[in-house]
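Everything numeric here is computed off the predicted structure, so don't read it as measured data. What's counted below: heavy atoms across the whole structure, side chains too, no hydrogens, waters or symmetry copies. Numbers here are sequence positions counted from 1.
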Amino acid sequence: MVWIVSGGLSVLRHYIIRLLLARSRTFPWHAPRLLEEATTRILLRRVGGGYSFPQQTP
């Protein structure tokens, strides 16, 4: 019961969703590797703990 109250259910849901997306080949299991590769190729920009698309100014 303590595990569920302290966020265990959210962790379980997170990994189930990741597993389903990886099995359907919708999103890779190793998402951080994909995001870092996109950052290296300047497709994404790292902002704090997340990522955003770089904006081009006209």
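Across all their heavy atoms, Val47 and Ser52 have their closest contact at CG2-OG, 3.4 Å. Here the closest heavy-atom approach between residue Phe53 and residue Leu43 is recorded as CD2-O, 3.6 Å.
Under the 4.5 Å side-chain heavy-atom criterion for Ile, Leu, Val, Met, Phe, Trp and Tyr, Leu34 and Leu19 are members of distinct hydrophobic clusters. Under the 4.5 Å side-chain heavy-atom criterion for ILVMFWY residues, a single connected hydrophobic cluster contains both Phe27 and Ile17.
At a threshold of 4.0 Å, the pair Glu37-Arg41 counts as salt-bridged, since one of the basic side-chain nitrogens sits closer than that to a carboxylate oxygen.
Put simply, CG on Leu35 and OH on Tyr51 are 5.0 Å apart, with the number rounded to the nearest 0.5 Å.
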